[in-house]
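In what follows, chains are A, B, ... by sequence order, proteins preceding strands, each numbered from 1.
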There are 2 protein chains.
Amino acid sequence: MRDISGASWVASPELIRFCDSVEKNGSLFEREMRKLSIPVIDLFLEEGRIVPASFEFSGENLDAAEDVSRILKAFPNLYSATGCRVLKASGRDRPVVTGRRVAVIFSGGPAAGGHNVLVGLKMVLGVDNTLLGVRNGPKGLLAGELFEIRESDLAQIINTGGFAFMGTDRTKIKTKDQFEQVEAVCRDQRIDCLVIVGGDDSNTNAAVLAEHLFQNVHSDGRGVQVLGVPKTIDGDLQVGDLLPISFGFDTATKTYSEMVGNILQDTLSSRKYWHFVKLMGRSATHVGLEVALQTRPTVAFISEEIAEKRLSLSQIVDTICRAVARRAARDMNYGVVLIPEGLIEFIPEMKTLISELNEVIASSSELLLDLDTIAEKKEFILGRISEDSAKLMASLPDEFEDMLLLDRDSHGNLKVSQIPTEKLLIEMVSARLREMEANPDLFIGEGDDRINLTPEEVKRFVESKFATNSHFFGYEGRCGAPTRFDAAYTFNLGLLVGSLALAGKTGYIAAINALDRGGQALAIPLVGLIHMEHRQGKDEFVIEKTMVKMDSPAFKFFIENRERWATEDCSASPGPRQLWGPVSSQLPMLIAFNQGYNSLEFDLGEERKIISD
Amino acid sequence: MRDISGASWVASPELIRFCDSVEKNGSLFEREMRKLSIPVIDLFLEEGRIVPASFEFSGENLDAAEDVSRILKAFPNLYSATGCRVLKASGRDRPVVTGRRVAVIFSGGPAAGGHNVLVGLKMVLGVDNTLLGVRNGPKGLLAGELFEIRESDLAQIINTGGFAFMGTDRTKIKTKDQFEQVEAVCRDQRIDCLVIVGGDDSNTNAAVLAEHLFQNVHSDGRGVQVLGVPKTIDGDLQVGDLLPISFGFDTATKTYSEMVGNILQDTLSSRKYWHFVKLMGRSATHVGLEVALQTRPTVAFISEEIAEKRLSLSQIVDTICRAVARRAARDMNYGVVLIPEGLIEFIPEMKTLISELNEVIASSSELLLDLDTIAEKKEFILGRISEDSAKLMASLPDEFEDMLLLDRDSHGNLKVSQIPTEKLLIEMVSARLREMEANPDLFIGEGDDRINLTPEEVKRFVESKFATNSHFFGYEGRCGAPTRFDAAYTFNLGLLVGSLALAGKTGYIAAINALDRGGQALAIPLVGLIHMEHRQGKDEFVIEKTMVKMDSPAFKFFIENRERWATEDCSASPGPRQLWGPVSSQLPMLIAFNQGYNSLEFDLGEERKIISD
């Protein structure tokens with residue numbers, strides 16, 4: 001066949017030079033992102049210069065009703081130092097501090113915007129103070145892997161995604177030895193303040209560290225301040241209207257929403273597939289709810305609702321089957337089902353089954369080893385769990401039965417995150433649909449378990465095909481380039497936490513609210529958020545994860561509309577995240593709903609170019 | 001814990017009204033996309049109005065060397081009508097035509113920009129001619145499911161993704177009956193011209209139809225023109241410098257590139273996972289190559305290279321293992337491996353194994369039914385394939401052995417697309433790494449099969465963890481919102497194919513080249529692209545898929561750099577597709593390389609708002 005005649009079949013040297021030069025910047029996109037202007041809260045500007053804020057009592061007090069006495073006992077220093085008072089940033093008597101050494105650390109999974117926290121922090125500390133970065137998260141802190149973050153680094157990392165500049169890990173600092181290691185590192189490196197960028201666990205950790213390092217770390221008796229910055233794509237680190245969301249949530253959900261929106265468009269175009277999409281997040285379903293609001297899928301499950309209504313696995317399967325049948329009756333043999341990663345653990349009967357299995361398997365591990373065949377093991381175990389659990393177990397496809405029995409971690413616990421819930425549901429729904437098609441009369445008519453179709457519709461349903469695909473969206477959303485919101489939110493969180501460092505505060509988490517009207521910078525006392533929780537048989541102090549609430553405006557909007565979304569095609573394509581142009585400044589919808597905002601546009605002050613070339 | 005006090009725990013009625021109004025537009029993004037200005041090739045504008053082009057001989061002739069006689073015999077009408085001449089659009093003697101009825105159809109999988117073909121086509125036909133849309137692809141054409149596309153529809157579909165406005169399907173029109181059905185539909189609906197938007201198969205179909213409908217369709221002896229528009233995300237419908245690419249490729253590859261770039265960022269941030277990413281596309285690896293150029297992954301396989309070098313499965317596994325070991329030696333226990341969906345079929349020994357299995361299983365299906373256990377079936381089959389194939393078979397993980405033996409379509413052929421190649425490679429690489437760790441000396445030192453590490457490096461490698469994740473990106477990229485390039489390219493393709501319709505041409509595929517300098521609109525005679533191919537035992541006319549060529553500048557740039565990408569961290573985050581702002585006008589890199597362009601910016605004329613509010 002005619003080939004390339006006419007065109008020179010060689011690359012242009014100019015293009016090759018250009019591509020090589022781009023490689024230094026990562027990509028053209030990253031090069032331009034670094035120049036992106038982002039808004040700065042007024043308070044942090046004086047004559048166009050970045051300046052630290054001071055702090056005053058906001059009028060809010062977070063005296064946790066329950067457990068006060070025990071918390072007081074565990075955190076006497078923080079309790080008296082903060083008085084559980086929420087502070088608000090102020091422009092009066094700005095701290096003038098020099099020579100302070102602040103160390104910042106990423107803890108837990110990455111989230112978009114982390115690098116901008118560093119940029120804000122460095123800029124507000126200015127040239128008279130030192131910012132140190134900790135490599136590889138808590139593990140690196142224990143090992144004393146610190147380095148100085150220089151002004152020249154900022155141009156490289158501003159507005160970029162991921163945590164690559166410092167790295168992160170999930171080590172938990174909890175043993176006495178570990179605390180002493182941290183103390184030693186702070187002493188050796190002359191750290192005055194430790195800033196921990198993390199989720200609920202990491203910020204609980206921050207509180208414990210703040211208490212532990214409150215005084216007598218340095219030879220002159222000074223302690224080390226410890227401050228937190230709210231990070232997690234799960235969005236479950238919230239404090240009512242004081243802390244509407246953690247950073248990273250907006251980027252992750254907008255990334256997943258584009259993918260889900262694209263797949264919804266695909267179903268409308270090829271009209272022959274049901275896609276089952278599992279979304280990252282094992283605990284709260286804020287991610288699933290936001291993606292549902294953004295894309296209007298056919299079916300979306302919210303774990304919290306399933307727990308609240310004590311739905312069974314078979315009820316969940318029926319919910320999907322009814323949607324499939326109703327749509328098939330109208331020749332709509334396609335749809336998208338959103339499944340939160342943690343679904344299984346929120347189904348009460350599954351939770352019971354799993355814990356019973358864990359019990360039996362842990363308690364009789366030796367006996368089990370003596371049994372050769374899976375069949376024998378299965379029989380042994382099934383004989384030792386409750387009847388209901390045994391029945392539920394029997395209702396599962398074989399491969400999943402085996403998973404429940406065999407896939408165990410070193411403590412004999414089930415690795416729930418490894419169960420492909422989306423595939424489990426596909427198999428159970430397919431089986432259930434075959435039953436329905438075999439004797440449709442069983443399902444026709446009124447009632448919850450019925451689908452009420454006309455004979456012609458039943459015919460179409462019985463003749464219809466149920467073709468499926470499954471997806472898991474997770475890692476794609478943690479390290480994408482930050483949205484304008486996450487870029488702005490994190491930069492300002494950096495300015496805020498840096499101001500707290502200079503103001504000598506400890507035991508606070510940085511927070512910004514009034515996101516639709518210029519932004520208000522706050523400091524929330526960590527002890528005000530801490531609770532007792534019963535984990536693996538012993539009491540622990542934790543910052544409670546915020547779950548999706550059944551009476552929240554965002555959830556209510558979802559349930560008011562989902563029936564229509566299931567039967568009609570109302571899906572939206574939210575499109576790829578835009579950093580420039582008319583749709584670049586949108587908040588997560590659930591924030592706008594739950595905070596009572598009038599629009600989806602965020603406002604965190606006037607935009608400015610942060611790093612001049 | 002303190003809840004939402006302060007904030008009204010109700011949604012703002014204003015926000016709810018706003019969200020309801022947005023639903024009518026799909027999303028805020030889609031609403032703004034419809035207003036997006038896109039460039040129009042000068043030629044199609046006269047005093048700011050859209051006008052059709054006329055056509056003249058470009059000087060290029062596509063007399064296919066081989067098979068000419070047979071093609072002449074099969075396509076006498078098209079051959080004489082087009083003379084295998086490439087035409088170029090011209091502004092002189094523009095056709096002035098009224099009352100022509102043109103029908104347009106989507107064929108095959110969806111691709112971004114299809115809707116803009118309709119918009120361009122409708123606008124160039126103007127009010128004096130009629131545009132009909134065919135619902136549900138070829139299946140709908142056979143059933144005569146046509147409807148008139150009205151001016152008022154354009155505002156809804158312009159710049160939107162997917163094929164939802166008309167739908168599509170994969171029915172092939174090849175039997176005599178089917179041709180007669182199409183002829184009847186054209187007669188009944190008084191169709192003068194049929195525009196087929198599709199890939200290589202659909203455009204082959206277009207040629208056959210064009211020949212068949214050349215004359216005597218209508219009572220007055222007139223025939224029906226048939227024209228093609230090049231669509232496929234695979235990018236394998238190319239004609240040298242005449243047709244640099246099909247539409248949809250840019251959007252799909254930029255969508256996948258963002259996901260892969262995000263995952264690369266994640267590996268650099270959490271530093272503990274190897275991600276194996278399978279990319280849609282069973283034949284050519286243009287998608288894999290473009291994504292590799294955009295993101296610079298650790299390892300990327302190009303199917304064509306594997307076939308060319310006759311690499312074995314174990315050589316492919318070794319390639320990954322060496323990268324893993326070399327990086328582990330430097331404490332880099334992470335990376336991303338890109339795998340084309342069709343990889344398996346390009347590994348010569350696997351191709352042989354699969355065809356041998358297909359033979360045996362097809363020829364002895366009854367005998368196999370009599371055998372009860374898988375073991376027996378396996379033994380029976382293994383006894384009847386070549387020794388090499390049997391050995392290869394034995395080297396595969398059991399579950400994949402079973403897949404090869406059991407997962408068959410109705411013709412007893414293997415459903416290759418269902419083999420999770422990414423998981424196969426993960427298992428084989430893991431096993432191979434365990435071997436290497438068990439006796440590292442085997443692999444140290446010089447030579448292709450060696451990794452040449454120092455003793456300390458070997459120690460680090462042996463102590464390292466190999467943790468993996470797998471992904472398949474496919475449906476996410478077919479129906480996303482079009483990039484600016486795909487939006488502009490398809491709108492102009494619509495203007496071009498509409499002009500061909502008005503100029504009375506038949507048997508051509510629309511093409512635009514000079515994409516970096518205003519764009520040149522061409523018409524390529526389909527007979528000039530058609531070849532004989534041996535498919536399932538009989539000769540067929542086909543438009544050859546364009547594969548990745550080993551001497552193409554894009555591929556050469558890739559191989560010159562991949563070694564560095566494998567050992568260092570050079571990855572890029574190309575970011576989400578931008579429709580506004582500084583990075584919104586980039587061509588696919590492989591076009592810029594292979595066409596010898598000096599930059600990545602495309603230029604298809606002056607931008608203008610297509611639909612006024």
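The choice from A:G109, A:C570, A:P244, A:S573 that makes the most heavy-atom pairs within less than 4.5 Å of chain B is A:S573. Note: A:F163 leads A:F472, A:F163, A:F165 in heavy-atom pairs under 4.5 Å with chain B. Counting heavy-atom pairs closer than 4.5 Å to chain B, the top residue among A:R564, A:K24, A:Q294 is A:R564. Ranked by non-hydrogen atom pairs under 4.5 Å with chain A, the options B:N469, B:N513, B:T160, B:L264 are led by B:N469. The candidate from A:A554, A:S584, A:G477, A:S552 with the greatest count of non-hydrogen atom pairs under 4.5 Å with chain B is A:S552. Looking only at heavy-atom pairs under 4.5 Å with chain B, the residue among A:G162, A:S270, A:G480, A:G137 that has the most is A:G480. Comparing A:A572, A:S27, A:P576, A:G581 by heavy-atom pairs within less than 4.5 Å of chain B, the highest count is held by A:P576. In terms of heavy-atom pairs under 4.5 Å with chain A, the best-connected choice from B:E32, B:E23, B:Q265 is B:E23. Interface summary for chain A: among B:N561, B:D551, B:T295, the most heavy-atom pairs under 4.5 angstrom belong to B:D551.
Taking CG of B:L587 as the reference point, atom CZ of B:R484 lies at 13.0 Å (rounded to 0.5 Å). B:L268 CG to B:I263 CD1: the interatomic distance, rounded to the nearest 0.5 Å, is 12.5 Å. Separation of atoms CZ (B:R478) and CG (A:N262) is listed at 11.5 Å; rounding is to 0.5 Å. Rounded to the nearest 0.5 Å, atoms CD1 (A:I524) and CG (A:L242) are 4.5 Å apart. To the nearest 0.5 Å, atoms CD (B:E601) and CG (B:L515) are separated by 13.0 Å. Rounded to the nearest 0.5 angstrom, B:C479 SG and B:I233 CD1 are separated by 9.0 Å.
Heavy atoms of B:R17 lying under 4.5 Å from chain A are absent altogether. The part of B:R296 that comes within reach of chain A is its side chain, from C-beta onward, which places non-hydrogen atoms under 4.5 angstrom from that chain. For chain A, the nearby part of B:D20 is the side chain; its heavy atoms alone come within less than 4.5 Å. For chain A, the nearby part of B:F473 is the side chain; its heavy atoms alone come within less than 4.5 Å. For B:L600, the parts lying near chain A are the backbone and the side chain together; criterion is any non-hydrogen pair under 4.5 Å. Using a 4.5 Å cut-off between heavy atoms, B:R271 touches chain A through its side chain atoms alone. Heavy atoms closer than 4.5 Å to chain A are found in the side chain of B:Q586, but not in its backbone. Both the backbone and the side chain of B:Q578 come within less than 4.5 Å of a heavy atom in chain A. Only the side chain of B:N136 comes within contact range of chain A, with at least one heavy atom under 4.5 Å from a heavy atom of that chain. Using a 4.5 Å cut-off between heavy atoms, B:D266 contacts chain A through both its backbone and its side chain. Heavy atoms closer than 4.5 Å to chain A are found nowhere in B:D569, neither backbone nor side chain. Within the 4.5 angstrom heavy-atom criterion, no atom of A:D169 approaches chain B.
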| task | Go through the steps for B:N61 and B:V86 under the test side chain to side chain contact (heavy atoms under 4.5 Å, CB included), then give the verdict. | result | CA-CA 6 Å; B:N61 199 302; B:V86 177; over 6 Å; no

| said: Between A:F557 and A:L590, does the side chain to side chain contact (heavy atoms under 4.5 Å, CB included) criterion hold? Intermediate values first, please. | reply: CA-CA 10 Å; A:F557 184 83; A:L590 68 79; over 6 Å; no

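Side-chain contact between A:L62 and A:P525: present, with at least one pair of heavy atoms (C-beta onward) separated by less than 4.5 Å. The shortest distance between side-chain heavy atoms of A:K272 and B:R170 falls below 4.5 Å.
With sequence neighbours excluded, no residue satisfies ring pair (Phe, Tyr, Trp, His ring centres under 6.0 Å) with A:F29. A search for salt bridge (Lys or Arg N to Asp or Glu O under 4.0 Å) contacts involving A:D331 returns A:R460, not counting sequence neighbours. Residues satisfying the ring pair (Phe, Tyr, Trp, His ring centres under 6.0 Å) criterion with A:Y475, sequence neighbours excluded, are B:Y273, B:H275.
In this structure, A:E30 does not pair ionically with A:K35, as no charged nitrogen and carboxylate oxygen lie closer than 4.0 Å.
The interface of residues 254-261 of chain B with chain A, defined by heavy-atom distances below 4.5 Å, comprises B:T255, B:E258, B:M259.
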